[in-house]
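Beneath this line is the structure, given in structure tokens, with notes to follow.
All residue numbers in this chain count up from 1 along the given sequence. In each ligand, atom 1 is the first atom listed, and ligand 1 is the first ligand listed.
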Amino acid sequence: MDLSVVGLLMLVLVGHGVGHPGQLVPDPCPEASCKKGGPAIRFPFMLKEKQSDNCSYPGFELSCDGKETVLQLPNSVKLYVNKIDYASQLIFAADPDKCLPKQLRSFNLSTSPFQFGDKQQDDYAFFNCTSWKGDTYQKLACLSGPGYDIFAYRSDYLISYTDLTSCTKIYNLSSVPVEVMRQENILNLTWSMQACGVCEAQGKFCRWKNISTRLETECYDRPKSNEGIRKKIAAAVATVGSFLLLLVFFAAYRVYSSDKAAKENQKRIENFLADYKAFKPTRYTYADIKRITNEFKDKLGQGAYRTVFKGQLSDEISVAVKILNNSTGNGEEFVNEVGTMGKIHHVNVIRLVGYCADGFRRALVYDYLSNESLEKFISSEHGDATALSWEKLQDIALCMAKGIEYLHQGCDQRILHF
Ligand SMILES: *[C@@H]1O[C@H](CO)[C@@H](O)[C@H](O)[C@H]1NC(C)=O
Ligand SMILES: *[C@@H]1O[C@H](CO)[C@@H](O)[C@H](O)[C@H]1NC(C)=O
Ligand SMILES: *[C@@H]1O[C@H](CO)[C@@H](O)[C@H](O)[C@H]1NC(C)=O
Ligand SMILES: *[C@@H]1O[C@H](CO)[C@@H](O)[C@H](O)[C@H]1NC(C)=O
Ligand SMILES: *[C@@H]1O[C@H](CO)[C@@H](O)[C@H](O)[C@H]1NC(C)=O
Ligand SMILES: *[C@@H]1O[C@H](CO)[C@@H](O)[C@H](O)[C@H]1NC(C)=O
């Protein structure tokens, strides 16, 4: 063995050898879990079968259902816990029947220590429809049955746009986390216990200062295992070995990944340009939007609900990127609207090049028109109305009329523009 490796091994051994005074008393609330690799359960939680009731904070009792970790909430709401993030104080939960909307009516967190993690909440109206010919993106498949479908609309959605003659309203729910309606079967819940979150974020654990009184919590160092010297040597050798191996892999990976990232980026740019030529709106990520607008450098205009920036799709293609600020709504409604706008092609109607619906971030990407707004020429505040000749004005009016005529009558999906 190389001398330096032996030196390193000694160091690791010394590091492992330092004893821990706190280890003499056995931990009354050792960490537990329902299955190997399942969520680790420790303070403020406890596992009913494996720990004493005094180990947890009131209301933080978990149990096992086979290998699943179960959180029981008021009104017999039962959730499976997939992950617990102690530092951010978040539980990632799921419905055992993969139908969170079904449990929503029974949800009442007012007497539990948890709150919805998703702060984006809306009121919804639920409909039972026997025959349905419209959009289906609001359909709750897991609540629907043979011969009827259940739909949920945001309460402020303009129902008059939708034909509901075959539907009956069955109930309303308020303050529903939007993530539940996305039907991904993930619900995150938070709890507040600031001191313990800070503890965990520092790499420590949290516990009752005195388990008999259960009044105050304290931070303590994570327990280290006291195995025999043989295990330590094995661990040290493994550490050194894996460290060297890691170095080799890391170097190889660096070379490989930088090459791969460059290729992927190139491919994405080619796809954007292909979409552009095919007159198809492209879906961009928020990171793309940032890149296109060069980190929102060049602002073209600002309205109450939107801000417009200039962007560059490629060296030749300039775009105007409209960032929408009031994106509280359903992302799918937005994507649907974009679908309609994407089908419009007329020389006198500005072309939608792409859009972004990345979480709550919404943006529309249009062709950039270099001659600026007509407003600049016709309003006396901004400019000189006489700069345009009568022939030019007639020409503009005629072109606009043709564009509006197309929207109202010429295209597949007629559009009314106010
Ligand atoms: C748990 O709390 C109860 C009531 O305060 C007490 O009688 C019991 O001894 C405690 N158990 C442990 C293990 O501290
Ligand atoms: C939730 O439960 C509390 C206490 O039982 C009750 O006062 C409250 O009205 C309930 N809220 C809803 C929305 O049912
Ligand atoms: C929906 O309506 C159908 C037919 O009227 C009925 O059989 C069904 O039970 C209803 N479902 C719900 C969840 O209300
Ligand atoms: C749902 O709320 C609306 C108002 O937002 C109300 O008009 C309607 O009667 C409510 N429906 C039910 C079933 O509670
Ligand atoms: C909550 O869950 C959603 C998935 O529904 C996830 O996208 C989101 O990032 C989660 N929130 C936090 C704070 O982790
Ligand atoms: C915990 O509290 C009990 C009751 O006040 C007290 O008798 C006991 O000594 C305390 N234990 C520690 C370790 O402070």
Honestly, is R283 close enough over Y355, meaning NZ or CZ under 6.0 Å from the six-membered ring centre and within 45° of the axis? no

For Y368, does the six-membered ring have the charged nitrogen or CZ of K310 within the cation-pi criterion, i.e. under 6.0 angstrom from the centroid and within 45° of the normal? yes

Using a strict cut-off of under 4.0 Å between a residue heavy atom and any atom of ligand 2, list the qualifying protein residues by chain and number. N108, S110, T111

Atoms in ligand 6 flagged as close to T213, the criterion being non-hydrogen separation under 4.0 Å: 2 (O), 4 (C), 5 (O)

Check for me whether the distance between the ring centres of Y57 and W191 falls short of 6.0 Å. no

Do any nitrogen or oxygen atoms of N128 lie less than 3.5 angstrom from nitrogen or oxygen atoms of ligand 3? yes

Distance-only donor-acceptor check, side chains Y284 and D358, under 3.5 Å: no

Exceeds 12 heavy-atom contacts within 6.0 angstrom, atom OH of Y253: no

Taking distance alone, with no angle check, do S212 and ligand 6 share an N/O pair under 3.5 Å? no

Flag the pair E218 and K209 as a salt bridge only when some basic side-chain nitrogen lies within less than 4.0 angstrom of an acidic carboxylate oxygen. no

Do L79 and L100 come within less than 4.5 Å of each other through their side chains, counting heavy atoms only? yes

